[in-house]
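Here's the structure, in structure tokens; my notes come after.
First the proteins, then the strands, lettered A, B, ... as listed; each starts at 1.
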Number of protein chains: 2
Amino acid sequence: MHLDQLIITLKHRREELGVTQEQLADLSGVGLRTLKALESKKGNPTLVTLNKLADVLGMEVKLVVKNIEL
Amino acid sequence: MHLDQLIITLKHRREELGVTQEQLADLSGVGLRTLKALESKKGNPTLVTLNKLADVLGMEVKLVVKNIEL
DNA sequence: GATCTAAGTGCATTATACTGCTCTATTTTT
DNA sequence: AAAAATAGAGCAGTATAATGCACTTAGATC
């Protein structure tokens with residue numbers, strides 16, 4: 001999963017749930033400014049920040065061995 | 001996947017492959033000091049840093065919807 | 001037990017992620 | 001098309017991730 005794609009996935013999930021950036025920011029404890037920048041400028045969040053957002057969206061960050069045969 | 005566990009997974013994978021911190025640092029382009037701190041003090045890496053390390057170890061960072069029924 | 005190798009730590013510097021505030025742009029609703 | 005809601009951007013300050021260097025610790029090898 002490419003990093004840009006990962007951020008796009010996060011954004012899509014948020015929209016899917018009908019949650020606004022402001023709501024997600026409030027619920028996750030991540031600054032609204034940070035979230036806005038992340039979703040637009042394709043930022044470089046820390047693991048903690050990403051996890052806070054993922055939590056609220058019912059998602060999780062995983063680190064897995066790549067599977068050659070798909 | 002809890003964040004601490006994620007870091008532990010990374011470390012185990014490195015050891016599994018018989019790669020030293022120094023080798024991983026060189027191969028990934030991540031500073032040795034950074035890697036050492038990460039593996040010991042349970043740091044908070046950026047997504048880019050984590051991805052660099054994962055790449056070399058044949059792993060990938062994923063963001064997925066949590067599965068209720070396991 | 002001395003030597004070598006790999007891992008962990010303290011200190012200082014640099015780069016940048018995080019944040020709020022304000023403003024603009026875009027999208028949606030009425 | 002005006003109004004309201006949502007998203008994006010500029011600016012500036014704070015916190016901290018990333019880094020190198022030097023030193024210490026732990027384990028293995030001789």
On a heavy-atom basis, which atom in L6(A) and which in K62(B) lie closest, and how many Å separate them?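 It is CD1-C, 4.4 Å.
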
Closest contact, heavy atoms only, V61(A) versus V61(B):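 For V61(A) versus V61(B), the nearest heavy atoms are CG1-CG1, 3.8 Å.
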
Any chance NZ of K66(B) has more than 12 other-residue heavy atoms, nucleotides or ligands included, within less than 6.0 Å?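 For K66(B), atom NZ is crowded (more than 12 foreign heavy atoms under 6.0 Å).
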
Within 6.0 angstrom of E22(A) CD, more than 12 heavy atoms from elsewhere: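 Result for CD/E22(A): open.
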
Taking OP1 and OP2 of [N], is either one under 4.0 Å from a side-chain nitrogen or oxygen of [X]?
X	N	result
K11(A)	dT6(D)	no
R14(A)	dA7(D)	yes
S40(A)	dA9(D)	yes

Roughly how many Å is it from [atom1] in [X] to [atom2] in [N], rounded to a whole number?
X	N	atom1	atom2	value
K36(B)	dT5(C)	NZ	P	14 Å
I8(A)	dA7(D)	CD1	C1'	16 Å
E22(B)	dA6(C)	CD	P	7 Å
E39(A)	dA9(D)	CD	C1'	15 Å
D26(B)	dT5(C)	CG	C1'	15 Å
H12(A)	dA7(D)	NE2	P	13 Å
L53(B)	dA18(D)	CG	C1'	12 Å
I7(B)	dA17(D)	CD1	P	11 Å

Please confirm whether the backbone N or O of L3(A) pairs with a side-chain atom of N51(B), one donor and one acceptor, at under 3.5 Å?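 Judged by distance alone, no pair lies under 3.5 Å.
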
Check: P45(A) main-chain N/O paired with T49(A) side-chain donor or acceptor under 3.5 Å: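 Absent.
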
Decide, yes or no, whether a salt bridge links E39(A) with R14(A) under the criterion of side-chain N to carboxylate O below 4.0 Å.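 The answer is yes: the pair qualifies as a salt bridge.
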
Treat primed atoms plus P, OP1 and OP2 as sugar-phosphate and everything else as base, then score nucleotides 14-30 of chain C 5' to 3': B for base contact with protein heavy atoms under 4.0 Å, S for sugar-phosphate contact only, - for none. ---SSBBB---------

